[in-house]
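In the text below, chain A, chain B and the rest are named by the order of the sequence lines, each starting its count at 1. Predicted model only: the values in this text are computed from it and were never measured.
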Number of protein chains: 2
Amino acid sequence: MKNETLKLENQICFKIYTAEREITKLYRELLKELNVTYPQYLVLLLLWEKHSLTVKELGQRLFLDSGTLTPMLKRMEMNGLVERKRSEQDERSVIVSVTEKGNALKEKAECIPNQLVDNIPMGKEELSTLNETLTSMLEQLQNQTK
Amino acid sequence: MKNETLKLENQICFKIYTAEREITKLYRELLKELNVTYPQYLVLLLLWEKHSLTVKELGQRLFLDSGTLTPMLKRMEMNGLVERKRSEQDERSVIVSVTEKGNALKEKAECIPNQLVDNIPMGKEELSTLNETLTSMLEQLQNQTK
DNA sequence: TAAAATTAAATTGTGTACAACTTAATAACT
DNA sequence: AGTTATTAAGTTGTACACAATTTAATTTTA
């Protein structure tokens, strides 16, 4: 038992670590045409819904801090996908909003979820079980590491 | 019907992306004492088993390429955890072996899997379901992105 | 209301990841 | 054997991710 626990094959954490990179790799292919990365795509998903959000709000939803978001949003701004401007109500906040160009990507992105499903064929039941497990796992983790 | 599946897949990908970072964060805490990162810990896990492996073999097991491994192994070498030397049989290969100091960390690391389990309390059955799901998912993904 | 505390971004520094490319060594082939 | 192809590491450049710190604005509170 003791020796087994230090074995890689037995570790779910390693599989999640690996799965994350494989999923990112898959998205990289699918997103190549849009010229955005997976994290950038996540930002766009939110902005397509809400049009504009502060850096803080983006961070809360994506669980990323300004150290990650600021340079990423600058890159997106440079590519013309978003605009950044200080809030007038609170000069500490920066409001990020999606541009015309950023919005135009939405249509191109419509097919991505479908392509994803094609690449990860799983039963509906298995999918929801996985979803539930990950959800509760995340809750636990986010309580621990907060 | 289909739309739900699509949403779910998207959510699952995001949750895996998030879970990976939370797990890494948790490991960061646990590994702080050993002064290694999670990927470095993975290398050590392999070297504690086999004592020495080539960069290629490490890459095959961890699904990482030399672009990631070479600088990481250099850092580990600088910290005295591993040694790197060219194979004499095949000068293209570099053999990575764990040092005394690297081996000494094994004892300190024994408790880590247990601490991890304490932080992610999950039923035994749920764990093995998750393990199986991730395993088959990984197979699919690694076929697609190869 | 002036000082202290808090907050939101930005900055700095370190460490992955990975695509694309280079270099050197070995293997395969003509 | 000599050329070509393949292979293993290393290198370069880009993009996260995050800890720790800094800066500026807003709240809190004494």
Side-chain angles (χ1 to χ4, degrees), chain A residues 14 17-29 31-32 34-43 53-60 62-79 81-82 84-96 142 145-146, chain B residues 14 17-29 31-32 34-43 53-60 62-79 81-82 84-96 142 145-146:
Chain A
F14 176 63
Y17 164 71
T18 308
E20 188 276 334
R21 287 182 294 131
E22 290 295 332
I23 286 171
T24 304
K25 207 176 290 181
L26 188 50
Y27 269 108
R28 193 175 298 126
E29 280 302 309
L31 293 171
K32 193 183 280 177
L34 311 197
N35 194 34
V36 294
T37 65
Y38 179 59
Q40 290 175 14
Y41 169 70
L42 294 177
V43 168
L53 290 166
T54 64
V55 172
K56 187 195 167 166
E57 288 165 333
L58 285 170
Q60 284 171 337
L62 301 176
F63 309 105
L64 292 171
D65 68 6
S66 67
T68 301
L69 283 173
T70 298
M72 186 170 105
L73 293 169
K74 281 182 179 174
R75 282 187 287 273
M76 294 179 76
E77 189 179 40
M78 223 154 50
N79 291 335
L81 303 177
V82 302
R84 296 156 64 243
K85 67 162 193 288
R86 290 273 160 191
S87 161
E88 285 172 12
Q89 288 75 40
D90 185 341
E91 292 272 345
R92 289 172 303 181
S93 294
V94 165
I95 297 168
V96 182
Q142 284 169 339
T145 58
K146 188 55 226 197
Chain B
F14 177 63
Y17 164 70
T18 308
E20 188 275 334
R21 288 182 293 130
E22 289 296 331
I23 287 171
T24 304
K25 208 176 290 181
L26 189 51
Y27 267 108
R28 199 175 354 260
E29 280 302 309
L31 293 171
K32 194 183 279 177
L34 311 197
N35 194 33
V36 294
T37 65
Y38 179 59
Q40 290 174 12
Y41 169 70
L42 294 176
V43 168
L53 290 166
T54 64
V55 172
K56 186 195 169 169
E57 288 166 333
L58 286 171
Q60 285 171 336
L62 301 177
F63 309 105
L64 293 171
D65 68 6
S66 68
T68 301
L69 283 172
T70 299
M72 185 170 107
L73 293 169
K74 281 182 177 175
R75 282 188 286 273
M76 293 179 77
E77 189 179 39
M78 223 153 51
N79 291 335
L81 303 177
V82 302
R84 297 156 64 244
K85 67 163 195 286
R86 291 271 161 192
S87 163
E88 285 172 13
Q89 288 75 39
D90 184 341
E91 291 271 347
R92 290 171 303 180
S93 295
V94 165
I95 298 169
V96 182
Q142 284 169 339
T145 58
K146 188 56 223 188

Next item on the list: Check whether any side-chain N or O of T54(B) sits under 4.0 Å from OP1 or OP2 of dA9(D), and answer yes or no.
Entry: yes

Notebook entry, point to check: Under 3.5 Å, is there a donor-acceptor pair between the side chain of N79(A) and the main chain of L81(A)?
Noted result: no

Margin query: Measure CG/L58(B) against P/dA8(D) and give the value in whole Å, please.
Written below: 13 Å

Item checked: Distance in Å, L34(B) CG paired with Q40(B) CD, rounded so as to fall on 0.5 Å steps -> 10.5 Å

Margin query: With heavy-atom distances below 4.5 Å as the criterion, would you say the side chains of L58(A) and L73(A) are in contact?
Written below: yes

Next item on the list: Could you check how far CD of E88(A) sits from P of dT26(D), rounded to whole Å?
Entry: 12 Å

Next item on the list: Using atom NZ of K85(A) as one end and atom P of dA9(C) as the other, report the distance to the nearest whole Å.
Entry: 14 Å

Checklist line | Check: E57(A) side chain, T54(A) main-chain N or O, donor-acceptor pair, under 3.5 Å | finding: yes

Checklist line | Separation of dT7(D) C1' from Q60(B) CD (nearest whole Å) | finding: 12 Å

Next item on the list: Rounded to the nearest angstrom, tell me the gap between atom CG in L31(A) and atom P in dA15(D).
Entry: 14 Å

Item checked: Under 4.0 Å protein heavy-atom contact, by nucleotide of nucleotides 10-20 of chain C - B base, S sugar-phosphate only -> BB---SBBBS-

Notebook entry, point to check: Atom CG of L42(A) to atom P of dC16(D): distance rounded to whole Å?
Noted result: 11 Å

Next item on the list: Check every strand shown and say whether E29(B) touches a base, only sugar-phosphate, or nothing at a heavy-atom separation below 4.0 Å.
Entry: nothing

Check: Mapping E91(A) and D90(B) to their closest nucleotides on DNA chain D, which lands nearer the 5' end?
Finding: D90(B)

Margin query: At under 4.0 Å between heavy atoms, how does the protein contact nucleotides 1-7 of chain C? Give one character per nucleotide, 5' to 3', with B, S or -.
Written below: ------B

Note to self: If you apply the rule salt bridge (Lys or Arg N to Asp or Glu O under 4.0 Å), what do you find for R86(A) with E91(A), and how did you get there?
What the structure shows: CA-CA 6 Å; R86(A) 290 273 160 191; E91(A) 292 272 345; 5.5 Å; no

Notebook entry, point to check: Is there a salt bridge (Lys or Arg N to Asp or Glu O under 4.0 Å) between K74(B) and E77(B) once you walk through the steps?
Noted result: CA-CA 5 Å; K74(B) 281 182 177 175; E77(B) 189 179 39; over 6 Å; no

Margin query: Quick check: closest heavy atoms across S66(A) and P71(A), and the distance to 0.1 Å?
Written below: O-CD, 3.7 Å

Item checked: T24(A) side chain to E20(A) side chain, donor-acceptor N/O pair below 3.5 angstrom -> yes

Notebook entry, point to check: So Y17(A) and Y38(B), would you call those rings parallel, tilted or perpendicular, with 30° and 60° as cut-offs?
Noted result: perpendicular

